[in-house]
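Provided herewith is a single structure, encoded as structure tokens, for subsequent inquiry.
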Amino acid sequence: MNGRASELLSGTFVSVSWCHESELEEILREGVGLHDNLLLLNKKMRPTKQLADALHDETGVECFINHIHIDDYISLPDWSNYLLYSLYFAGRLKQELSKFDLPCRIIISMVEGNNISVRFHVLRNNQIWLDDNIDVYEGAIIVIE
């Protein structure tokens with residue numbers, strides 16, 4: 001986690017109540033699958049050939065498709081709840097990804113206000129989505145591998 005994420009989470013003790021009927025839960029229920037050598041959320045799966053051409057590599061396609069804006073699915077009273085909800089979603093997503101024998105990275109990013117997203121991709125040689133020095137980013141970044 002970068003310094004900004006650590007700062008935002010320090011002293012945060014908020015209870016998060018997961019809604020099992022939410023669209024986020026539906027995304028998790030539908031799971032993840034291998035499609036054209038890409039690890040993608042089944043719920044968001046779409047044709048990838050044109051995307052691969054436009055985004056230049058498999059990691060870019062996975063990050064584009066496997067990109068969930070948490071605030072598009074739930075409404076919470078403050079930023080700390082969104083961040084904790086994102087951590088919970090990422091933990092559940094990690095369980096789903098563990099079914100595959102592939103090294104994966106989950107990225108939680110918070111840019112402004114409640115704009116928090118979770119995305120993931122397979123770790124591949126010579127394909128980089130996020131700088132290894134996550135402190136170069138202004139927003140809060142949490143990486144789970």
Side-chain angles (χ1 to χ4, degrees), residues 1-2 4-6 8-9 12 14-145:
M1 126 178 13
N2 70 357
R4 181 68 179 139
S6 179
L8 289 172
L9 282 174
T12 301
V14 185
S15 174
V16 173
S17 177
W18 182 257
C19 179
H20 293 283
E21 299 305 318
S22 72
E23 285 184 68
L24 289 172
E25 181 65 26
E26 185 179 325
I27 290 169
L28 291 168
R29 235 185 340 266
E30 291 199 24
V32 175
L34 276 171
H35 306 274
D36 297 328
N37 218 20
L38 299 167
L39 198 55
L40 303 172
L41 290 165
N42 290 324
K43 176 88 174 156
K44 296 187 70 158
M45 213 326 263
R46 60 183 86 168
T48 57
K49 175 67 175 120
Q50 290 174 326
L51 281 174
D53 292 343
L55 296 169
H56 306 292
D57 63 26
E58 295 92 347
T59 299
V61 174
E62 287 172 343
C63 284
F64 181 78
I65 293 176
N66 300 323
H67 185 193
I68 304 293
H69 286 271
I70 298 297
D71 54 309
D72 285 348
Y73 297 92
I74 57 172
S75 179
L76 298 170
D78 62 49
W79 65 265
S80 57
N81 286 12
Y82 281 99
L83 195 51
L84 291 173
Y85 218 91
S86 299
L87 284 166
Y88 184 80
F89 179 77
R92 296 276 310 278
L93 183 57
K94 184 166 177 57
Q95 290 175 334
E96 184 65 29
L97 294 173
S98 70
K99 297 175 184 175
F100 299 87
D101 191 25
L102 295 167
C104 293
R105 173 177 282 170
I106 300 170
I107 303 163
I108 299 171
S109 59
M110 179 177 161
V111 182
E112 294 178 13
N114 294 339
N115 186 358
I116 298 178
S117 65
V118 178
R119 70 178 83 224
F120 69 89
H121 65 87
V122 173
L123 291 169
R124 296 180 178 86
N125 292 331
N126 303 318
Q127 292 187 23
I128 299 170
W129 179 260
L130 190 67
D131 193 299
D132 285 339
N133 179 10
I134 59 175
D135 281 314
V136 300
Y137 299 102
E138 286 184 33
I141 306 287
I142 300 171
V143 176
I144 302 167
E145 291 182 0

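All of these numbers come straight from a predicted model, not from anything done at the bench.
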OG on Ser117 to NE2 on His69, rounded to 0.5 Å:
5.5 Å
Salt bridge or not between Glu25 and Arg92? Use side-chain N to carboxylate O under 4.0 Å.
yes
So does Asp132 have more than 12 non-hydrogen atoms from other groups sitting under 6.0 Å from CG?
no
Are the side chains of Cys104 and Leu39 in touch, meaning some heavy atoms are under 4.5 Å apart?
yes
Should Ile27 and Ile68 count as side-chain neighbours, where that means a heavy-atom distance under 4.5 Å?
yes
Could you grab the distance from atom CD of Glu23 to atom CG of Leu28, nearest 0.5 Å is fine?
12.0 Å
Can you tell me if Asp57 uses its side chain to pair, donor with acceptor, with the backbone of Gly60 under 3.5 Å?
yes
Quick one: does Ile142's side chain get under 4.5 Å of Ile107's, heavy atoms only?
no
If you take all heavy atoms of Val61 and Leu38, which pair is closest and at what distance?
CG1-CD1, 3.7 Å
Give a yes or no answer on whether the side chain of Gln127 reaches the backbone of Thr59 with a donor-acceptor pair at less than 3.5 Å.
yes
How long is the span from the OH atom in Tyr73 to the CZ atom in Phe89, to the nearest 0.5 Å?
8.0 Å
Heavy-atom closest pair, residues Leu41 and Asn66
N-OD1, 2.8 Å
Distance in Å, Asp131 CG paired with Ile134 CD1, rounded so as to fall on 0.5 Å steps:
9.5 Å
Using every non-hydrogen atom in the two residues, find where Gly33 and Asn42 come nearest and quote the distance to one decimal.
N-OD1, 3.4 Å
Quick one: pull up NE2 in His35 and CD1 in Ile65 and give me the separation to the nearest 0.5 Å.
9.0 Å
Shortest non-hydrogen contact from Ser86 toward Ile108:
O-CD1, 3.8 Å
Stepwise salt bridge (charged side-chain N to carboxylate O under 4.0 Å, His left out) check, Glu62 with Arg124:
CA-CA 11 Å; Glu62 287 172 343; Arg124 296 180 178 86; 2.7 Å; yes
Listing request: all side-chain hydrogen bond (donor to acceptor under 3.5 Å, both in side chains) pairs with a residue in residues 135-145, at least two apart in sequence or in separate chains.
Arg105-Glu145
Quick check on Asn133: does its CG atom have over 12 non-hydrogen neighbours (other residues, nucleotides or ligands) under 6.0 Å away?
yes
Might you point out which heavy atoms bring Tyr85 and Ile70 nearest each other, and give the distance in Å?
CD2-CG2, 4.5 Å
Any chance you could measure Ile144, atom CD1, to Leu87, atom CG, to the nearest 0.5 Å?
6.0 Å
Treating Asp71 as the side-chain partner and Asn115 as the backbone partner, does any N or O pair qualify as donor plus acceptor under 3.5 Å?
no
With sequence neighbours excluded, what pairs up with Arg119 under the salt bridge (Lys or Arg N to Asp or Glu O under 4.0 Å) test?
none
Work out which heavy atom in Ala90 is nearest to a heavy atom in Ile106; give both atom names and the distance.
O-CD1, 3.5 Å
N/O donor to acceptor pairs below 3.5 angstrom from side-chain atoms of residues 95-102, sequence neighbours left out:
| from | atom 1 | to | atom 2 | distance (Å) |
| --- | --- | --- | --- | --- |
| Glu96 | OE1 | Lys99 | NZ | 3.0 |
| Glu96 | OE2 | Val32 | N | 3.4 |
| Ser98 | OG | Gln95 | O | 2.6 |

